[in-house]
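To find a chain, count down the sequence lines: A is the first, B the second, and so on, and within it residues start at 1. If you're wondering where the values come from, they're calculated on a predicted model, not measured in any experiment.
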Amino acid sequence: MRTSTGSRIVMHIDFDYFYAQCEEVRNPSLRGRPLTVCVFSGRTEDSGVVSTANYAAREHGVRSGIPIRIAKSRLAGISDAAFLPVDMSYYSEVSEKSMSLIQSFAGRFEQVGIDECFIDVSELASSFEVAKTLASQIKDSIKKSLGLTCSIGVAPNKMLAKIASDFQKPDGLTVIEPESLQNFIANLSVDKISGIGPKTSKRLGELGVKSISELAGLDQFKLVEEFGRKTGTFIHNAARGIDEEPVAESGESKQIARIITLKNDASTSVEMSNELRELCQSVLEIAKARKMAFKTVSVIIILSNLDQKSKSKTLKTHSNSLEPLHSTAQMLLNELMESDDSMRVRRLGVRLSDLQNTAGQNTISQFMGDLNGLS
DNA sequence: GTATGCTTTCGGC
DNA sequence: TTACGGCCGAAAGCATAC
């Protein structure tokens, strides 16, 4: 059933400063104090970056992605500041509980990353007003049973719901109704649209376009000419608040990657052979646990100047054994290192993609038998 | 020319 | 003074096929 206007009602639910909030829940004495959750690389004391910071830490300029040492310098002299290492298995546990709770409210559910999801509530809410009440109930329920706050956007589609959840945070609730959506998005910058990144923003800027209303003024034909049919049409629709993407159950992950920081920079592939083998074993273990076979292998290196390079190879068939993985990875790493002998490698990674589920898969002979109606 | 698929880079969290 | 993770999916850039 649809609402009387025929429009959908979609919510985007985004947990506030998720990792840091999880830590506050586990240890309430952290609340109100500047808290920084860190990824320590182990290379030297305090080398690594900030994963998440709570709002008290953000007031001091601590943000995701900055080096830990900068965060510490910005919080120097704040005696109650706390720095904790990431604890992914704990956050995953909290995430699973949170997502299950949300699903109990939802029709269709789509998880995005560890701390965000979309739900389609068209069937449950007869109006945006009802949906807003439902969103409040979801927030209350999450607060009461898990002690977490989140920000929710309610809108006629995923794109607008995401813009809405971002509009007021933390602990926000923003509704964009179909009647007011044009006004709501008109003055927002084009990069608020998920899918319009810096590259596209820059090109649009060169066309004199900064706001979404200016974007809506561009001719569809011109957009298609400039960006191609797919992207051009997407932009034309997005500028009008149109997005038909359904809320869809998220499938299996499309890639499995492991990346590490080396104890010391390396300049030859030989120096990294132990790490490379361990990375191969590690990604393969994850793939096997998920009953996935891979077809594409990539090796990623990050140089001392933080430039990133990668090389990948697609095999003839899917595989889930170590030998082809390791030999392919070794070959790719050799090729990467041969390209420039002055490179200093800081970080090394291996990625599997083009994944295929092997669970319950028939053997080839069974498959042939099925084709012939024999099994 | 356009669509499709593969490789590499980008950038969000 | 500088300081710098570990993932993921999507975009961009190419090559090839029709």
| Picking from A:E110, A:E116, A:E244, what satisfies salt bridge (Lys or Arg N to Asp or Glu O under 4.0 Å) with A:K158? | A:E110

| request: Determine the sole option in A:I114, A:D115, A:T149 for which the side chain to side chain contact (heavy atoms under 4.5 Å, CB included) test with A:F15 is passed. | output: A:D115

| said: Output the rounded distance in Å from CG (A:D191) to P (B:dG12). | reply: 9 Å

| Test item: side-chain donor near acceptor, A:S312 and A:T296, under 3.5 Å | no

| request: Find the distance A:R346:CZ to C:dT2:C1' and express it as a whole number of Å. | output: 12 Å

| Residues from residues 47-54 of chain A lying under 4.0 Å of DNA chain C - heavy atoms | A:S47, A:G48, A:V49, A:S51

| message | At 4.0 Å (heavy atoms only), tell me whether A:S64 reaches a base, stays on the sugar-phosphate, or touches nothing. | response | nothing

| task | Using only heavy-atom distances, determine whether the side chains of A:E245 and A:N157 contain a donor-acceptor pair under 3.5 Å. | result | no

| note | Among the nucleotides B:dT9, C:dA3, C:dG5, whichever has the atom closest to the side chain of A:S310 is B:dT9

| field | Out of B:dT8, C:dC4, B:dT7, whichever nucleotide has its closest atom nearest the side chain of A:K311 | value | B:dT8

| message | Is A:R351 close enough to C:dC8 that one of its side-chain N or O atoms is under 4.0 Å from OP1 or OP2 there? | response | no

| Can a donor-acceptor pair be found between the side chains of A:E23 and A:Y90 at a distance below 3.5 Å? | no

| task | Between A:K309 and A:K295, just flag the one whose closest nucleotide in DNA chain B comes earlier from the 5' side. | result | A:K295

| message | Can a side-chain donor-acceptor contact be found between A:Q21 and A:N54 if the only test is distance below 3.5 angstrom? | response | no

| query | Has A:S41 got a side-chain N or O lying under 4.0 Å from the OP1 or OP2 atom of C:dG5? | reply | yes

| message | When you compare the side chains of A:R258 and A:S282, does any donor N or O come within less than 3.5 Å of an acceptor on the partner? | response | yes

| note | Per-nucleotide protein contact along nucleotides 11-18 of chain C, 5' to 3', at a 4.0 Å heavy-atom cut-off (B base, S sugar-phosphate only, - neither), is SSS-----

| said: Any base atoms under 4.0 Å from A:R347, or only sugar-phosphate, or nothing? Heavy atoms, all strands. | reply: base

| message | Does anything in residues 252-286 of chain A come within less than 4.0 Å of DNA chain C? Heavy atoms only, and list the residues if so. | response | A:S253, A:K254, A:Q255, A:I256, A:A257, A:R258, A:I259, A:I260, A:T261

| task | Examine A:F109 together with A:F118 and report whether their ring centres are nearer than 6.0 Å. | result | no

| message | Before you tell me yes or no, could you show the steps for A:N187 and A:S213 under side chain to side chain donor-acceptor pair (under 3.5 Å), namely the whole-Å CA-CA distance, both residues' side-chain angles and the distance that decides it to 0.1 Å? | response | CA-CA 6 Å; A:N187 297 319; A:S213 62; 4.7 Å; no

| query | Do we see a donor-acceptor contact under 3.5 Å between the side chains of A:R290 and A:S253? | reply | yes

| Between B:dT8 atom C1' and A:D354 atom CG, what is the distance in whole Å? | 15 Å

| Across the strands shown, which category fits A:D115 at heavy-atom distances under 4.0 angstrom: base, sugar-phosphate, nothing? | sugar-phosphate

| query | Rounded to the nearest 0.5 Å, how far apart are CD of A:E271 and CE of A:M337? | reply | 7.5 Å

| note | To the nearest angstrom, the CG-C1' distance between A:L355 and C:dG9 comes to 13 Å

| field | Spacing between A:I68 atom CD1 and C:dT2 atom P, to the nearest angstrom | value | 19 Å

| query | How many Å lie between CZ on A:R43 and P on C:dG5, as a whole number? | reply | 7 Å

| field | For atom CD1 of A:I235 and atom P of C:dA10, their distance in whole Å | value | 17 Å

| field | Spacing of A:I302 atom CD1 relative to B:dT8 atom C1', expressed in whole Å | value | 13 Å

| query | Going by distance alone, is a donor N or O of one side chain under 3.5 Å from an acceptor N or O of the other, for A:N237 and A:R240? | reply | no

